A.B. asks: 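Pasting in a structure now, in structure tokens, and then I'll have a few things to ask.
Side-chain atoms are counted along with the backbone in the values below, which use heavy atoms only and exclude waters and symmetry mates. Small disclaimer: the values here were computed from a predicted structure and weren't measured. Chain A is the first sequence line, chain B the second, and so forth, proteins listed ahead of strands; every chain is numbered from 1.
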Number of protein chains: 2
Amino acid sequence: MSQRKSRQPTLKSIAAAAGVHPSTASRALNGRSDARIPEDTLARIRKVAADLGYEPNPWARSLRTQRTMMLGLVIPRLTDVVLAKMFEAAEEHARDEGYQTITVSTFDRKGGQQELINRLIERRVDGLVLATSTLGDPSLARLEQEGFPFVLLNRASRSYPAVRGDDELGAYLATRHLLETGHQRIGHIGGPQSTSTAKFRLQGYKRALSESGIRYSPDLVRYGQFDAMSAMKGADELLSQRPRPTAIFAINDVSALGTMAAGRRHRLRIPDDLAVVGYNDSDMAALLPIPLSSVQVPLQQMGQLAVDLLIDRINGGTVETVVLTPRVVVRDSSARVVRDSSARPARRRR
Amino acid sequence: MSQRKSRQPTLKSIAAAAGVHPSTASRALNGRSDARIPEDTLARIRKVAADLGYEPNPWARSLRTQRTMMLGLVIPRLTDVVLAKMFEAAEEHARDEGYQTITVSTFDRKGGQQELINRLIERRVDGLVLATSTLGDPSLARLEQEGFPFVLLNRASRSYPAVRGDDELGAYLATRHLLETGHQRIGHIGGPQSTSTAKFRLQGYKRALSESGIRYSPDLVRYGQFDAMSAMKGADELLSQRPRPTAIFAINDVSALGTMAAGRRHRLRIPDDLAVVGYNDSDMAALLPIPLSSVQVPLQQMGQLAVDLLIDRINGGTVETVVLTPRVVVRDSSARVVRDSSARPARRRR
DNA sequence: AACCTCTGCACAAACGATTTCGCGCGCATG
DNA sequence: CATGCGCGCGAAATCGTTTGTGCAGAGGTT
């Protein structure tokens, strides 16, 4: 055991030092409007508290107030830059609002989500931000039923309150961008269809195609796991086809990286032989040797909003889902095709 | 206020249901060796607790035991993949050991560190893992003096217990690798010299040079902030020199990315005209269009070890700094030079 | 002078667990 | 039969807050 004797001053000790009863000290320091305390007593108590460096013991306080001022953040993994960005913003914002956050990663393990949520509830967090939910997730129903406050982030499920980007629109815009630069045979590296993000983005991709009168073909779509490896494998399959796609819209930037790697294996030049667009516009995108076109999503804002909504909900408000609008950022990986010549690669069939 | 009435069963309620005194129930459930409870009573209490879904209230417990089973993790930012990886591992390991973690980012703000540490201590975490410390950091002295358990991660400061990679060795190996592939004019994009990592890596770079009889020249070194932008600027300056460096060792992978971007601006081909080596071997490195050579560091192991050490310290152990050994992973960004031809680019002076 | 109304604060009861103390009781021992 | 001992468990204190209640005394009204 460490030697430190927990010599934090307690409310009782500062009350004694100020010559008042602990209850009075409590009222003075919490500044509730209902209890009227004369100016001088109040000042005296405040001074003593400051001098002794008093900090209220949060456990004792929580025990009494039934609030912990803690939020639980549940994410698939911290190493995903996109998630990290949202959660960094969420954590900072929560802090500004007086809440501390406990962040846990599920690593996509099967029962993991439920187990972790339970741990957080046992810790008596005041509410949860969930960025892991899959579409039919049963744990959400349980939470809702128990009246436990939660907000989804980046994912949708049922009509539970959520903060997310407009994935359908983002995918639509990305695909449209490729169509507008002349591509007709556009592949898609998707994500797990159990996630709302992947599903919506596939829909956006389809809508853009059909608007241009191009028939959707499942042959041009492969599903990965949001990671580079599975994307590379999928892209490899797409690029082995004849005629092969001249452009690929990937579900995220890491998948786009995998896609470009596959392109390299096929000795394709980017963007001349293959145009690639990613999603999320992570910092890396602009810095790549071939800068990557991507769909920009206001990630920080999403993290912040999720916390705002959650706090509202904790305080008894009824909150609505917020959907934020993305935009396409065009870079070399998809643009040069147009600049280089008038011959549009999409025409090169066979 | 939400409607949920905090209907969690309490120790008293399960004691009543089992027909025993709360103290007995407590003993039964905590299984302390000193109190001997007959098999049947114990089983009965356990059963009731399980049936009612009893979970001890952590605040009440902490209030009594003076322990929270919570650890604070302080990092500069979550969006740095390297840090995220360490902390993901740390969080998971802590969880396995029964601890929850509160992670906060300082965003490198000046007074931020001290302020955040205070917040965590007010929350009465049992200990701290600090990955932010600069070399002369005064907050550490305070912690040490108050006997508050902490462990540094990835950084060194004084002789405080830490878990880190051998930065000097890693940099030495990276530089040596460049020397062995024939380079002589090797630049270095460093980091803030207030951090132990940056300082040690510079030393390793110097040692490798001097071992090969090459004089160290400050002209070949620029200092960034661990990020791509400042690295790009520094690399741009280095590459504007005549003769220009034929290889650059960057303080981390993101800086290497910036360095490669600068190379592109100067229309240099990598690795033929410019070889680049990064540090940390982040996932991205292998997937880049030009796969990046890098120094591999056991990040997950570091995160895990930091937690182990911290828990040891909390339990009164005296712990020693652990230094882990890195290794160089050679990829295209620095290797092809040798494979392509016998003409070594380093020889091309003017 | 009797009565009422505020102030300003003390008292004490929670909140939900852990832990020290010690009391009966049964059994063995002398 | 008296004493001693260990076992199983209940009683009560404690951790540090918050908060409902109520009591004195000051000041005003009739």
A.B. asks: Taking the side chain of B:S23 as heavy atoms from C-beta outward, which of D:dG10, C:dA10, C:dG8 is closest to it?
C.D. replies: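 Ranking D:dG10, C:dA10, C:dG8 by closest atom to the B:S23 side chain puts D:dG10 first.
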
A.B. asks: In whole Å, I'd like the distance from the CH2 atom of A:W59 to the P atom of C:dT18.
C.D. replies: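 Rounding to the nearest Å, CH2 of A:W59 and P of C:dT18 are 14 Å apart.
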
A.B. asks: Starting at CZ of A:R44 and ending at C1' of C:dG8, how long is that distance when rounded to a whole Å?
C.D. replies: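 Taking CZ of A:R44 and C1' of C:dG8, I get 12 Å after rounding.
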
A.B. asks: Under 4.0 Å between a Lys/Arg side-chain N and an Asp/Glu carboxylate O for B:D51 and B:K47?
C.D. replies: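 Looking at B:D51 and B:K47, the cut-off is met.
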
A.B. asks: Five pairs per end, C1' atoms only: what is the angle between the end axes of the helix from C:dA1-D:dT30 to C:dG30-D:dC1, to 10 degrees?
C.D. replies: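 The value is 60°.
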
A.B. asks: Ignoring hydrogens and angles, answer whether the base of D:dC9 and the side-chain atoms of B:T41 contain a donor-acceptor pair closer than 3.5 Å.
C.D. replies: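 Answer is no: no donor-acceptor pair is held.
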
A.B. asks: Select base, sugar-phosphate, or nothing to describe what A:S26 touches, counting heavy atoms under 4.0 Å on all strands.
C.D. replies: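 It contacts base atoms.
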
A.B. asks: Listing request: all side-chain hydrogen bond (donor to acceptor under 3.5 Å, both in side chains) pairs with a residue in residues 76-91 of chain B, at least two apart in sequence or in separate chains.
C.D. replies: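 Checked against side-chain hydrogen bond (donor to acceptor under 3.5 Å, both in side chains) - neighbours excluded - the pairs reaching residues 76-91 of chain B are A:T79-B:E88, A:E88-B:T79, A:S105-B:E91, B:R77-B:D108, B:K85-B:D283, B:E91-B:R95.
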
A.B. asks: Yes or no on salt bridge (Lys or Arg N to Asp or Glu O under 4.0 Å) for A:E39 and A:R46, after CA distance, side-chain angles and deciding distance?
C.D. replies: CA-CA 11 Å; A:E39 209 43 63; A:R46 289 236 175 94; 5.7 Å; no

A.B. asks: Using a cut-off of strictly less than 4.0 Å, decide whether A:T24 has a side-chain nitrogen or oxygen near OP1 or OP2 of C:dA10.
C.D. replies: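 Yes.
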
A.B. asks: Would you say a side-chain N or O of B:Y54 is under 4.0 Å from OP1 or OP2 of C:dA17?
C.D. replies: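 For C:dA17, OP1/OP2 do have a side-chain N/O of B:Y54 under 4.0 Å.
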
A.B. asks: Has the side chain of B:R64 got a donor or acceptor that lies under 3.5 Å from a partner of the other kind on the base of D:dT14?
C.D. replies: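 Between D:dT14 and B:R64, which were checked side chain against base, a qualifying N/O pair under 3.5 Å is present.
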
A.B. asks: Using atom NZ of A:K12 as one end and atom P of C:dA12 as the other, report the distance to the nearest whole Å.
C.D. replies: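 Answer to the nearest Å: 13 Å.
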
A.B. asks: I need the CG-C1' distance between B:L11 and D:dG10, as an integer number of Å.
C.D. replies: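 It works out to 14 Å between those atoms.
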
A.B. asks: Contact class for A:T10 (heavy atom, under 4.0 Å): base, sugar-phosphate, or nothing?
C.D. replies: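 Answer is sugar-phosphate: A:T10 comes under 4.0 Å of backbone atoms only.
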
A.B. asks: Applying side chain to side chain contact (heavy atoms under 4.5 Å, CB included) to B:V307 and B:T101, what does each step give before you reach the verdict?
C.D. replies: CA-CA 10 Å; B:V307 168; B:T101 56; 5.9 Å; no

A.B. asks: Write down the distance between NE2 (B:H21) and C1' (C:dC23), rounded to a whole number of angstrom.
C.D. replies: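 In whole Å, C:dC23 C1' lies 13 Å from B:H21 NE2.
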
A.B. asks: Looking only at side-chain N and O atoms, does A:Q114 offer a donor or acceptor that is under 3.5 Å from a partner on A:N118?
C.D. replies: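 Checked: A:N118/A:Q114 side chains pair up, N/O donor to acceptor below 3.5 Å.
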
A.B. asks: Give me the one residue out of B:V104, B:L128, B:T132 that meets side-chain contact (heavy atoms from CB on, under 4.5 Å) with B:I117.
C.D. replies: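 By the side-chain contact (heavy atoms from CB on, under 4.5 Å) criterion, B:I117 pairs with just one of B:V104, B:L128, B:T132: B:L128.
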
A.B. asks: Rounded to whole Å, please give me the gap between CG in B:L63 and P in C:dA14.
C.D. replies: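 For the pair B:L63 CG and C:dA14 P, the rounded distance is 17 Å.
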
A.B. asks: Using atom CG of B:L29 as one end and atom C1' of C:dT19 as the other, report the distance to the nearest whole Å.
C.D. replies: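 Distance, rounded to whole Å: 15 Å.
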
A.B. asks: Distance criterion of 3.5 Å, no angle test: do you see the side chain of A:R27 paired donor-to-acceptor with the base of D:dG20?
C.D. replies: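 Under the 3.5 Å cut-off, the side chain and the base do form a donor-acceptor pair.
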
A.B. asks: Under 4.0 Å: is that the gap between some side-chain N or O of B:N30 and OP1 or OP2 of C:dT18?
C.D. replies: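 For C:dT18, OP1 or OP2 has a side-chain N or O of B:N30 closer than 4.0 Å.
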
A.B. asks: Provide the closest heavy-atom pair for B:T321 versus B:Y160 in the form atom of the first, atom of the second, distance.
C.D. replies: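 Scanning both residues, the minimum pair turns out to be OG1-O, 3.4 Å.
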
A.B. asks: Roughly how many Å is it from CD1 in B:I14 to C1' in C:dT18, rounded to a whole number?
C.D. replies: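 Atom CD1 in B:I14 sits about 14 Å away from atom C1' in C:dT18.
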
